[in-house]
Amino acid sequence: MHVAMLLKSELRRSAGVILGMALVLALALSLALATSLTERMLRASSAAAADDFDLLVGAKGSSASLLLGTVYLRDEPLGLVPAPALSSLINAKGVRWAAPVAFGDRTGDSPLVGTTRAMATLGGERPLSAGRVFAAPDEAVAGAGSGLKVGDAFTPMHGRAAGAGHAHEAASFRVVGVMPATGTPWDRAVLVPIERIWSMHAHEDDHAHGREPLEHWMEEDLTHLPGMSAVVVKPVSVADAYRLRQRFSTMSVTSPEGAVVNLMGVFSGEVLVDLYASMGSAARALSFITALTLAVALAATLITGVLLGRLRLPTLLQLRVLGAPRRYVGALIWLIVMTVVVTGAAGGLLIGWAIASGCAAWLADETGIVMAPALSRAEALPILLTLAAGALCALVPAWAAGRAKMT
């Protein structure tokens, strides 16, 4: 009898046990694959989201907070950059364009970003997908994922967290343009003139203190403003980028209140490298745990092969009596164990991909960054190692079955 025919019969008889062990192996392998896929997906997607933010200038503090607050629009405690710093940036040699950004308000779940026309079009390099750039205090440009379209009107809310804060009853905006989809958190943002952001707060504050509100609109000179959360800078060249970072990392600017504010310039890429290093350490620790889990699953598969050999001992001995050589019996048990390993490897790949896809959907909803897992050679390594280890482990029950003595 050909070994394949007997294998088919044994697989039918032990289908439940084989599928159960294959599932255990698949779950263990899927953790390693999902970790690898998700880590690489996070790196690639977060780096792509920072492509348009070469250099960030902010008040001296945490570079990670500056990156997370400006590039990824997270609610971070950012100190105010005095407005005169913007004039120094715009007039600095080697600056292609620079745009201030001010945070602190929202409309629905979308962050409201006070800025200038340069930010909406990336210095004229990115046309809008619909409408035009704001040209009046009450006009806004919406992100592609904000849910707003040209002609919509809204009243902003104070505060970054949904469900908190109060409405700016005296302020309203009308959407006049929509930015193209970028797959970044800025798709959810709504851009308005930075002067209007400060005017809303100044109106409320001045009303309480009997002062006149700010009334400066769409001016090139923004030095009258109290400040900004950060300044996004697009250098002309790489050399200009390093020179500008050095200059603004050693600059101090006096605020309207007379306080001296130290500035810092950071490269988005450098901050991401530091964050990736921390994330990589956590990923390595998790990979070690999943490797141990996979080793336990392979050991369980080995034990299953030995037990199946013992359970099928009468059948195997009958084959020996009929003249089957030891290698025939050993090959049968080896193929049974390898069926478990191959099925588990295939299932692990599918489950790992499903877990990574689920993580991508959840992270995209949480961060606004479009993500999608992609297979690479990195995922081939644990699969090949599993198959190789399984092939070696299968030799043990195969040898034991072949050495069974006839009585």
Could you check whether any side-chain heavy atom of [X] comes within less than 4.5 Å of a side-chain heavy atom of [Y], counting everything from C-beta outward?
X: Leu33; Y: Leu349; result: yes
X: Val190; Y: Phe154; result: yes
X: Thr116; Y: Pro100; result: yes
X: Leu42; Y: Tyr276; result: no
X: Pro84; Y: Thr254; result: no
X: Leu66; Y: Met264; result: yes

With side-chain contact (heavy atoms from CB on, under 4.5 Å) as the test, would you mind laying out the steps for Val261 and Leu80 before giving the verdict? CA-CA 8 Å; Val261 178; Leu80 280 181; over 6 Å; no
Roughly how far, to the nearest 0.5 Å, is [atom2] of [Y] from [atom1] of [X]?
X: Leu191; Y: Met179; atom1: CG; atom2: CE; value: 4.5 Å
X: Thr250; Y: Leu263; atom1: OG1; atom2: CG; value: 9.0 Å
X: Asn91; Y: Leu86; atom1: CG; atom2: CG; value: 9.0 Å
X: Thr35; Y: Arg40; atom1: OG1; atom2: CZ; value: 12.0 Å
X: Leu275; Y: Ser268; atom1: CG; atom2: OG; value: 10.5 Å
X: Arg196; Y: Phe173; atom1: CZ; atom2: CZ; value: 5.5 Å

Any side-chain to backbone donor/acceptor pair from [X] onto [Y]? Under 3.5 Å, distance only.
X: Glu139; Y: Ala135; value: yes
X: Gln246; Y: Arg243; value: no
X: Asn262; Y: Ser252; value: no
X: Ser229; Y: Phe103; value: yes
X: Arg132; Y: Gly177; value: no
X: Asp187; Y: Gly183; value: yes
X: Asp152; Y: Lys149; value: yes
X: Ser110; Y: Arg188; value: yes
X: Ser249; Y: Gly265; value: yes

Nearest non-hydrogen partners of [X] and [Y], listed with the distance:
X: Leu37; Y: Ala356; answer: CB-CB, 3.7 Å
X: Leu67; Y: Leu56; answer: CA-CD1, 4.0 Å
X: Arg245; Y: Glu270; answer: NH1-OE1, 2.5 Å
X: Ala241; Y: Leu55; answer: O-CD2, 4.3 Å
X: Ile197; Y: Gly114; answer: CG1-CA, 3.5 Å
X: Ser357; Y: Pro373; answer: OG-CG, 3.6 Å

Can a side-chain donor-acceptor contact be found between Glu39 and Ser36 if the only test is distance below 3.5 angstrom? no
Derivation of the side-chain contact (heavy atoms from CB on, under 4.5 Å) call for Ser65 and Leu78: CA-CA 7 Å; Ser65 292; Leu78 300 178; 4.2 Å; yes
Evaluation steps, side-chain contact (heavy atoms from CB on, under 4.5 Å), between Asp105 and Met200: CA-CA 10 Å; Asp105 296 293; Met200 290 189 307; 4.1 Å; yes
Charged N to carboxylate O under 4.0 angstrom, Lys234 versus Glu125? no
Below 30° counts as parallel, above 60° as perpendicular, anything between as tilted: where do the rings of Trp186 and Phe53 land? tilted
Derivation and outcome, side-chain contact (heavy atoms from CB on, under 4.5 Å), residues Tyr72 and Ile369: CA-CA 8 Å; Tyr72 304 108; Ile369 304 175; 3.6 Å; yes
Test Ile383 against every option in Leu387, Leu381, Leu385 by the side-chain contact (heavy atoms from CB on, under 4.5 Å) rule and name the one that passes. Leu387
